[in-house]
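In listed order, ligands and their atoms are each counted from 1. These numbers come from a predicted model, not from an experiment.
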Amino acid sequence: MSHRVYLADRPQHFDVAEGETLLAAGLRHGFALPFGCQSGGCGSCRVRLVSGAIDYPFPPPALSQAERDAGYILMCLARATSDLTIALHQPPQIDSLRPRQLPVRAAKKEWLAHDVLGLTLKLPKGDGFQYLPGQYIDLLLDDGRRRSFSVANRPNGETLELHVRVTPNGRFANWAANEMPERAILRLEGPLGAFYLREDSSRPIVMVAGGTGIAPIHAMLDELLSGGLPRSVHLFWGVRGERDLYLDARLRGWAAAHPQFRYTPVLSDADAAWRGARGLVHEAVLAAYPVLSGHEAYLSGPPVMVRAGKEAFVRAGLDADHLYYDSFDYAFETWPQLG
Ligand SMILES: Cc1cc2nc3c(=O)[nH]c(=O)nc-3n(C[C@H](O)[C@H](O)[C@H](O)COP(=O)(O)OP(=O)(O)OC[C@H]3O[C@@H](n4cnc5c(N)ncnc54)[C@H](O)[C@@H]3O)c2cc1C
Ligand code: FES
C-alpha cells in the first residue's frame, strides 16, 4: 500500500510505495532532497517528522536519542506506515542545486600540513556549477567507488578547493599525493549534503571542527566574513598537535580583524609549551559555554567527535533544530551500502 508524504513548508507532496524509503520516493519524484551516504550513517537526510508514522529496518545510526526525541528521522532508512508530513527546513535556492556529475581538472596541489593535501580543482568553463558553502562533493573513482570531500572555498565559479587528509592506506589520498598526473581529469558528483549556513537565523553561532573538518567551516566563514559577519561566531578547531593547525595564521588574522569572530584552537596532544586550550574539542566548547540554549551549532569532522559533540550540546540546552553537522565517515564504512 502506498502512502502520501506532505511537505510542511511547501504546498507539495509525493507518494511513497510499500517498502520504499522516503528518500528514494522523493528523489524518484524529482524533489531536491538532502542526502549523502544513503545508509543511515551521515545524517545529511535528517528531517523532522511533523505527523504520521514510520518504521526503520534497524535503529538510525546517525541520530542521537535527543534528535529522535525531538522528532527527527532519516529519510534514507525510513519507510512510511501512514500518510506523513515532514519539515525539510531547506532554503529555497536548494531546489536549483540538484546533484549532478561533471569533469574537473586538477589544477594545483600543495601540502597544507604534514598529512593534509590541498587540492584545487578547476571547473569546466561556463559550466555554472553552484553549491552552498559547507556542502561537499563525491569524487568518482575509476572502479565506481566514491570518496567524499567538503569544498573548502566559497563559490567563485572557477575552482573548488579540497583539504584531503592523507592516511597510510588511504586509496584516493595517496594516489592524489603521489601518482596523480598533472592536470588530471577527475569526475565528481555534487553538490551534496545539508551542511550549510542557515541565514534566516540571528542566533550566535558556535562552530566546531575536528582536523580537516575545518574545510567546510572555512568555506562558511569566508562567506560570512565577506558579508560583514552579521552575527557573532566562535570557532573551536580541535587537532592533535600544533603542526596540525594548518589554517591557524589565517584564522587568527580573521579574529584580529573582526571583533564578532572568535577562534579557539584546541590540542588533544599538546606539548608543554602550548599556552592554549587542551583536551577534547567539545569539552572546550562546554567549558566556554556551559549553557548552549539560544545558540546555533555547526560541527564537522571525525564521526566520534561529531557524535560526542552533538549529544553533549543538546544536553547543555542546544535546541536540536539549531544543530547542523557533517560527519566525515570513512568510505569503507559507507561504500558497501552505496552499491
Ligand atoms: C560528508 C563527508 C565529507 C568529508 N569531507 C572530507 C574532507 O573535506 N577532507 C577529508 O580529508 N576527508 C573528508 N571526508 C572523509 C573521507 O571521505 C574519507 O576519509 C575517505 O575514506 C578518504 O578516502 P581515501 O581513499 O583517501 O581513504 P580510504 O581508502 O577510504 O581509507 C583507507 C583506510 O584509511 C582509513 N581512513 C581513511 N580516512 C581516514 C581519516 N580521515 N582518519 C582516520 N583514518 C582514515 C580508513 O579507515 C581505511 O582503513 C568526508 C566524508 C564525508 C562523509
Ligand atoms: S543519507 Fe541518510 S544518513 Fe546519510
Peer 1: Any nitrogen or oxygen of Ala173 lying under 3.5 Å from a nitrogen or oxygen in ligand 1? Just yes or no.
Peer 2: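 Yes.
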
Peer 1: Of all the atoms in ligand 2, which lie at a distance below 4.0 Å from a heavy atom belonging to Cys42?
Peer 2: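 In order of numbering, the contacting atoms are 1 (S), 3 (S), 4 (Fe).
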
Peer 1: Could you check if a side-chain atom of Tyr196 sits within less than 4.5 angstrom of a side-chain atom of Pro133, using non-hydrogen atoms only?
Peer 2: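 The answer is no, as the side chains (C-beta and beyond) never meet within the 4.5 Å cut-off.
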
Peer 1: Counting only heavy atoms from other residues, nucleotides and ligands, does the tally under 6.0 Å from CZ of Arg250 exceed 12?
Peer 2: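 Not buried by this count: 12 neighbours or fewer within 6.0 Å.
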
Peer 1: Can you list the ligand 1 atoms lying under 4.0 Å from a non-hydrogen atom of Asp329?
Peer 2: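 Numbered from 1, ligand 1 contributes 15 (C), 18 (C), 51 (C), 53 (C).
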
Peer 1: Do the non-hydrogen side-chain atoms of Arg46 and Leu74 ever get within less than 4.5 Å of each other?
Peer 2: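 Result yes, sub-4.5 Å side-chain heavy-atom pair found.
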
Peer 1: Is it the case that Arg198 places NZ or CZ above or below the six-membered ring of Tyr324, under 6.0 angstrom from the centre and within 45 degrees of the axis?
Peer 2: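 Because its charged atom sits under 6.0 Å from the ring centre and within 45° of the axis, Arg198 does stack over Tyr324.
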
Peer 1: Taking the minimum heavy-atom distance to atom 35 (C) of ligand 1, which of Thr167, Leu117, Ile214 ranks first?
Peer 2: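 Looking at heavy atoms only, Thr167 sits closest to atom 35 (C) of ligand 1.
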
Peer 1: Closer than 4.0 Å to some heavy atom of Gln38 - which atoms of ligand 2 meet that?
Peer 2: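 That gives atoms 1 (S), 4 (Fe) of ligand 2.
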
Peer 1: Is there an N/O/S atom in Cys45 at a distance below 2.8 Å from atom 2 (Fe) of ligand 2?
Peer 2: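 A backbone or side-chain N, O or S atom of Cys45 is under 2.8 Å from atom 2 (Fe) of ligand 2.
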
Peer 1: Counting neighbours of CG on Asp142 that are heavy atoms of other residues, nucleotides or ligands and sit closer than 6.0 Å, is the number greater than 12?
Peer 2: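 Count not over threshold, so no.
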
Peer 1: Above 12 or not: heavy atoms from other molecules or residues under 6.0 Å from CD of Gln101?
Peer 2: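 Check passes, neighbour count above 12.
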
Peer 1: For atom 3 (S) of ligand 2, what's the nearest protein heavy-atom neighbour? Residue, atom name and distance, please.
Peer 2: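 Residue, atom and distance for the closest contact: Gly43 N, 3.1 Å.
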
Peer 1: Between Phe328, Tyr325, Trp175, flag the one that comes closest to atom 4 (C) of ligand 1 by a heavy atom.
Peer 2: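 Nearest option to atom 4 (C) of ligand 1, by heavy atoms: Phe328.
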
Peer 1: Can you list the ligand 1 atoms lying under 4.0 Å from a non-hydrogen atom of Arg171?
Peer 2: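 Within the 4.0 Å cut-off of Arg171, ligand 1 contributes 24 (P), 25 (O), 26 (O), 27 (O), 28 (P), 29 (O).
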
Peer 1: State whether Cys37 contributes an N/O/S atom found under 2.8 Å from atom 2 (Fe) of ligand 2.
Peer 2: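 Short answer: no, not a single N, O or S atom is under the cut-off.
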
Peer 1: Hey, which atoms in ligand 1 end up nearer than 4.0 Å to a heavy atom of Val164?
Peer 2: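 Counting from 1, the qualifying ligand atoms are 11 (O).
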
Peer 1: Should His163 be counted as touching ligand 1, given the test is an N or O pair under 3.5 Å?
Peer 2: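 Yes.
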
Peer 1: With heavy-atom distances below 4.0 Å as the criterion, list the atoms of ligand 1 near Asn169.
Peer 2: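 So the answer, numbered in order with elements, is 29 (O), 32 (C).
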
Peer 1: Report the distance from atom CZ of Phe149 to atom OG1 of Thr212, rounding to the nearest 0.5 Å.
Peer 2: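 Here the rounded value is 8.0 Å.
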
Peer 1: Check the surroundings of atom CZ in Arg240: do more than 12 heavy atoms from other residues, nucleotides or ligands lie under 6.0 Å from it?
Peer 2: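 At most 12 heavy atoms, drawn from other residues, nucleotides or ligands, come within 6.0 Å of this atom.
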
Peer 1: Can you sort out which atoms of ligand 1 are near Gly170, meaning under 4.0 Å from one of its heavy atoms?
Peer 2: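 Near Gly170, the atoms of ligand 1 are 24 (P), 25 (O), 26 (O), 27 (O), 28 (P), 29 (O), 31 (O), 32 (C).
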
Peer 1: Mark up the atoms of ligand 1 that fall under 4.0 Å of a heavy atom belonging to Tyr136, in ascending order.
Peer 2: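 Here the atoms of ligand 1 in question are 1 (C).
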
Peer 1: Hey, does the Lys NZ or Arg CZ of Arg147 hover above the aromatic six-ring of Phe172, less than 6.0 Å from the centre and inside 45° of the axis?
Peer 2: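 That pair does not qualify as a cation-pi contact.
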
Peer 1: Which of the atoms in ligand 2, numbered in the order shown and given with their element, are less than 4.0 Å from a heavy-atom of Gly41?
Peer 2: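 Counting from 1, the qualifying ligand atoms are 3 (S).
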
Peer 1: Between the main-chain N or O of Leu323 and the side-chain N or O of Lys310, is there a donor-acceptor pair closer than 3.5 Å?
Peer 2: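 Flag not set: sc Lys310 to bb Leu323 has no pair under 3.5 Å.
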
Peer 1: Is the closest side-chain heavy-atom distance between Ser293 and Leu318 below 4.5 Å?
Peer 2: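 They are not in contact (no side-chain heavy atoms under 4.5 Å apart), so the answer is no.
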
Peer 1: Do Trp254 and Arg252 have side-chain heavy atoms sitting under 4.5 Å apart?
Peer 2: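 Not in contact.
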
Peer 1: What part of Ser327 sits under 4.0 Å from ligand 1 if we count only heavy atoms: the side chain, the backbone, both or neither?
Peer 2: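 Within the 4.0 Å criterion, Ser327 contacts ligand 1 through backbone atoms alone.
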
Peer 1: Give a yes/no verdict on whether any heavy atom in Ala176 is under 4.0 Å from an atom of ligand 1.
Peer 2: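 It does not, in that no heavy atom of Ala176 comes within the 4.0 Å cut-off of ligand 1.
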
Peer 1: Regarding atom 2 (C) of ligand 1: of the candidates Gly41, Ala194, Ser148, which has the closest heavy atom?
Peer 2: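 Among Gly41, Ala194, Ser148, the closest heavy atom to atom 2 (C) of ligand 1 belongs to Ser148.
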
Peer 1: Show me which atoms of ligand 1 lie under 4.0 Å from any heavy atom of Phe172.
Peer 2: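 Close to Phe172: 24 (P), 25 (O), 26 (O).
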
Peer 1: Can you find a pair of side-chain heavy atoms, one from Met220 and one from Phe195, that are under 4.5 Å apart?
Peer 2: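 Touching, per the 4.5 Å side-chain cut-off.
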
Peer 1: Could you list which atoms of ligand 2 come closer than 4.0 Å to a heavy atom of Cys76?
Peer 2: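 Per the distance check, 1 (S), 2 (Fe), 3 (S).
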
